[in-house]
Amino acid sequence: MPSSVIVASLVAPAGGPASGPPGRLKSLLRTPSVFLFVILAAQLMVVLDTTIVNVALPHIQEGLGLSGGELSWVINGYLLTFGGLLLLGARSGDLLGRRRTFLAGIAIFTVSSLFGGLAVSGWMLLSARAFQGVGAALAAPSSLALLTTIFSDGPQRVRAIGLFTTVSAAGGAIGLVAGGALTQLVSWRWVMFVNVPIGIAVLLVGRIALQETPRRTGHFDIAGAVTSTLGMVGIVFGLVEAGTRGWSSLLTIGSLGVGAFLLGVFVRIETRAEEPIVPLRLFASGTRTTANVSRGLMYAGMYGMFFFVGQFLQDVMGYSPLRTGLCFLPVPAAVFLSSQLVSKVLIRRVHPKVLMMSGISLTVVALLMSTQLHAGASYLQIFLSLVLLGTGSGTALVPLTQAGLAGVEPADAGAASGLVNVTQQVGAALGLAVLVTVLSAAAGHAQLKAGAGVPPHLVHGLDVTFGIAALFGIAALVMVGLLVHLPGVAPAGSSEAELERELAEEAAAAAQEFELVDGEGFEWSGPELVA
């Protein structure tokens, strides 16, 4: 992008000049255009990885001999570490410097991607996915914060954030198509390898282009981050093992018990920590808590649908990986269009609670339609369910974000926005674990697998699984209907400037799966990312 499009002053580095080549090359690499390239490339890499693996799952399963439960960890390993450590990653940027934290995260992500592409066993790939989540948790919170410190307030920042959110919105769609193309033309391993050249470029250029931010004094809540993450891992592991070993298995019972114990320890730590990673006062609002839990329930059903439909299209209907990726494109397109319609038009005319319940209802209908899938199903049926799923999520997520941040004090803006993301990631991981267990029980431990045929009990198991996913949405619908209380649309006499400001914030919050929230100082500087 030419520097004439976005011109901004670079802040002076707080931690001294970055190392790099002297003279003209260093000056060239420190232009706003190069800086923006680094941030956008890093964002694309992180977003790409949330979808690029989905289409490759059947080939990963075949190549490494993974069971259905183990295959779910290809998704959950990333979700749990990314979501669980995101707030700690943001805190690291505050205390250690955002440039340092960002580059460390990209380095971890890149090395983990290389390790995952070289994996010859399931544990190698799952470990790599978990460490990718760690790297993303360090890099993601700092990327947009760095952007807002470089570009000044006004049109320059607006344009830069616009490009950032465009990449965020398009990245999911690019990941679906790229994952299918790479898997079909080369190998599933390239859905991991593709991150390596991008990561190396970001690291090499970023060391020069990025400027360090001032550090704050404070404390890390490492104990809180570790106990919460490991607690959720224990719960998810126990749920997955219940599907393969049964609920009476000592491993199942032990995992669930340890997970619950660690989550109890986490709550106790947060009540005593000097600077807790999740201030428990954020849960005092019923509206905020209900909005976040409902968001998690929505993602529980959505990720389950992506996980199973991707395998169904390839293993049952015989679609190629590339065709499968293209089949999913209605989802990001519908999410983008519906979220833009809501944030720019409907939010000022329709009560937020009505939008939430309408959007959630559409996702429920989409999941119920999926209970009718069978070997002879047409793509039109799947297409309609995917469009409804995308439209429903795009419609509901804008007001759910608004409700999840309602009444938050400025000092808690960063933690509250992070909590929105954590419940989203954890909800997706827990939901997928539950649905994998449901399929295993309902289908008599039969699994979706290429060339294995489609026994009737497996089709029945899928119907039951999607039915349970729809129950997640119904639970969210009931909770929103009973527990969410928000003011209605702005009255006619409201200040036009104030209304436009609120709409701009809500539109930013609706950018695909990314929310931008105004914070203060360097604790959560400017609009902050929740991936």
Side-chain angles (χ1 to χ4, degrees), residues 13-16 42 46 77-109 111-112 130-146 148-149 210 212-234 259 261-283 408-426 517 519-526 528-531:
V46 172
Y78 183 78
L79 291 177
L80 287 171
T81 52
F82 186 12
L85 298 176
L86 181 68
L87 293 177
L88 183 64
R91 188 69 172 155
S92 299
D94 292 339
L95 303 183
L96 302 179
R98 297 189 186 279
R99 174 184 178 273
R100 180 178 288 103
T101 302
F102 173 82
L103 293 177
I106 295 298
I108 293 172
F109 194 97
V111 173
S112 301
F131 277 103
Q132 277 186 318
V134 174
L138 290 172
S142 294
S143 60
L144 188 55
L146 282 168
T148 59
T149 61
L210 301 180
E212 190 57 277
T213 59
R215 305 183 192 181
R216 291 182 61 246
T217 58
H219 301 84
F220 284 108
D221 183 14
I222 295 178
V226 171
T227 53
S228 62
T229 302
L230 292 181
M232 291 311 307
V233 169
F261 172 76
L262 288 174
L263 291 178
V265 172
F266 163 71
V267 172
R268 186 171 180 83
I269 289 172
E270 297 307 280
T271 61
R272 298 185 173 189
E274 184 175 351
E275 297 181 46
I277 197 167
V278 180
L280 297 182
R281 60 181 174 271
L282 292 176
F283 296 97
V408 173
E409 296 295 329
D412 291 331
S417 60
L419 188 60
V420 169
N421 178 76
V422 170
T423 54
Q424 174 178 306
Q425 306 283 5
V426 169
V517 180
E520 290 189 352
F522 278 96
E523 183 173 359
W524 286 78
S525 170
E528 187 59 91
L529 170 69
V530 180

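The first residue of the sequence shown is numbered 1, and numbering continues consecutively from there.
- Heavy-atom minimum distance, S228 versus G84: OG-O, 4.4 Å.
- When all heavy atoms of L138 and G105 are compared, the closest pair comes out as CB-CA, 3.7 Å.
- In this structure, Y78 and A136 approach most closely via the heavy-atom pair OH-CB, 3.6 Å.
- The shortest distance between side-chain heavy atoms of R98 and L210 does not fall below 4.5 Å.
- For A225, the side-chain contact (heavy atoms from CB on, under 4.5 Å) partners two or more places apart in sequence, or in a different chain, are L85, L88, I277.
- The nearest pair of heavy atoms linking A42 to I106 is CB-CD1, 3.8 Å.
- A side chain to side chain contact (heavy atoms under 4.5 Å, CB included) with F266 is found for exactly one of V226, T271, L230, T227, namely T227.
- Minimum heavy-atom separation, L262 to G231: CB-CA, 3.7 Å.
- Taking the side chain as every heavy atom from C-beta outward, M232 and L263 approach each other to under 4.5 Å.
- Remark: the backbone N or O of T101 is not paired with any side-chain donor or acceptor of S92 at under 3.5 angstrom.
- In this structure, the side chains of I108 and S112 come closer than 4.5 Å at one or more pairs of heavy atoms.
- Side chain of E270 to main chain of V278: a donor-acceptor pair is present (N/O by atom type, distance under 3.5 Å, no hydrogens or angles).
- Residues V134 and T81 approach most closely at N-OG1, 3.8 Å, considering heavy atoms.
- By the 4.5 Å heavy-atom criterion applied to side chains, V46 and F82 are counted as neighbours.
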